[in-house]
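Heads up, the thing below is written out as structure tokens.
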Amino acid sequence: MTQDCIFCKIVAGGIPSNQVYADELVIAFHDISPQAPTHILVIPRKHISDMNEASPQDQALLGHMMLCASKIAADAGLAERGYRLVLNTGPDARQSVFHIHLHILGGRRLSGQMT
Ligand code: DGP
């Protein structure tokens with residue numbers, strides 16, 4: 001837990017979230033500012049600021065986040081039509097919360113632009 005991290009506070013239950021999944025390593029909840037009909041964030045319970053801070057020790061955790069995202073997307077009905085997974089790192093990517101999170105975006109035809 002990092003004192004000033006909003007996502008650490010969500011993990012600790014100090015800030016409410018619309019949670020859709022939780023296990024011993026990650027939680028997932030709806031984004032407060034959805035960019036698509038379905039916009040869910042998957043975050044590790046462990047505080048990792050961004051991908052620059054991730055280490056080989058986090059390999060299994062990061063893989064677990066990806067596999068949880070695919071299960072959550074399937075449970076949300078996105079498997080057939082598809083969805084996008086996004087993980088922003090740093091200012092050029094416009095990362096705004098410095099606790100790693102995987103965006104699951106779906107429920108509409110997304111832009112062909114990756115930028
Ligand atoms: P990023 O730009 O990749 O750092 O995305 C951060 C996302 O986190 C952004 O889409 C809005 C979301 N967010 C920020 N604060 C909160 C919050 O308190 N609750 C929820 N559910 N989402 C939040």
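Note that the coordinates shown come from a computational prediction; the quantities given were computed from them, not determined experimentally. Computation of the quantities below employed the complete heavy-atom set of this structure, encompassing side-chain atoms and omitting hydrogens, waters and symmetry-equivalent molecules. Counting starts at 1 for both ligands and their atoms, following the listed order.
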Do side-chain atoms of His101 reach the backbone of Pro44 as a donor and acceptor pair under 3.5 angstrom? no
Contact region, Ile6 to ligand 1, non-hydrogen atoms below 4.0 Å, reads side chain
Please report, to 0.1 Å, the donor-acceptor pairs under 3.5 Å made by any side chain of residues 102-115, with sequence neighbours excluded.
unit_1 : atom_1 : unit_2 : atom_2 : d
His103 : ND1    : His39  : NE2    : 2.8
Arg108 : NH2    : Gln35  : O      : 2.7
Ser111 : OG     : Gln113 : N      : 2.9

Specify the protein heavy atom at minimum distance from atom 1 (P) of ligand 1: its residue, its atom name, and the distance to 0.1 Å. His101 NE2, 3.1 Å
Is it the side chain (CB and beyond), the backbone, both or neither of Phe98 that lies under 4.0 Å from ligand 1, heavy atoms counted? neither
Taking atom 22 (N) of ligand 1 as the reference point, the nearest protein heavy atom with its distance: Ile32 N, 3.2 Å
Of all protein heavy atoms, the one nearest atom 4 (O) of ligand 1 is Ser96 N, 2.7 Å
According to a hydrophobic-cluster definition based on side-chain heavy atoms being under 4.5 Å apart (Ile, Leu, Val, Met, Phe, Trp, Tyr only), do Phe7 and Tyr21 belong together? no
for atom 21 (N) of ligand 1, nearest protein heavy atom and its distance come out as His30 O, 2.9 Å
Under 4.0 Å from any heavy atom of His103, which atoms of ligand 1 are there? 1 (P), 3 (O), 5 (O), 7 (C), 10 (O)
With a 4.0 Å cut-off on heavy atoms, is Asn18 in contact with ligand 1? no
Is it the side chain (CB and beyond), the backbone, both or neither of Arg94 that lies under 4.0 Å from ligand 1, heavy atoms counted? backbone
Within a distance under 4.0 Å of any heavy atom of Phe29, pick out the atoms of ligand 1 and give their elements. 20 (C), 21 (N)
Quick one: does Arg45's side chain get under 4.5 Å of Val26's, heavy atoms only? no
Residue, atom and distance of the protein heavy atom nearest atom 14 (C) of ligand 1 read Val97 CG2, 3.9 Å
Is the contact between Leu41 and ligand 1 made by the side chain, the backbone, both, or neither, using heavy atoms and a 4.0 Å cut-off? side chain
Answer yes or no: is there a side-chain heavy-atom contact under 4.5 Å between His99 and Thr2? no
Does Val97 offer a backbone N or O that forms a donor-acceptor pair with the side chain of Gln95 under 3.5 Å? yes
Does any non-hydrogen side-chain atom of Ile27 lie less than 4.5 Å from one of Ile43? yes
Could you check if a side-chain atom of Phe98 sits within less than 4.5 angstrom of a side-chain atom of Asp50, using non-hydrogen atoms only? yes
Minimum-distance protein heavy atom relative to atom 10 (O) of ligand 1: Asp31 OD2, 2.5 Å
Any nitrogen or oxygen of Ser33, side chain or backbone, less than 3.5 Å from one on ligand 1? no
Determine whether Asp31 and Ile40 satisfy the following criterion, side-chain contact (heavy atoms from CB on, under 4.5 Å), listing intermediate values before the conclusion. CA-CA 5 Å; Asp31 194 290; Ile40 294 169; over 6 Å; no
Under 4.0 Å to a heavy atom of Asn88 - the qualifying atoms of ligand 1, by number: 1 (P), 2 (O), 3 (O)
Would you be so kind as to tabulate the donor-acceptor pairs closer than 3.5 Å made by side chains of residues 61-75, with sequence neighbours excluded?
unit_1 : atom_1 : unit_2 : atom_2 : d
His64  : NE2    : Asp23  : OD2    : 2.6
Ser70  : OG     : Leu67  : O      : 3.0
Lys71  : NZ     : Asp75  : OD2    : 3.0

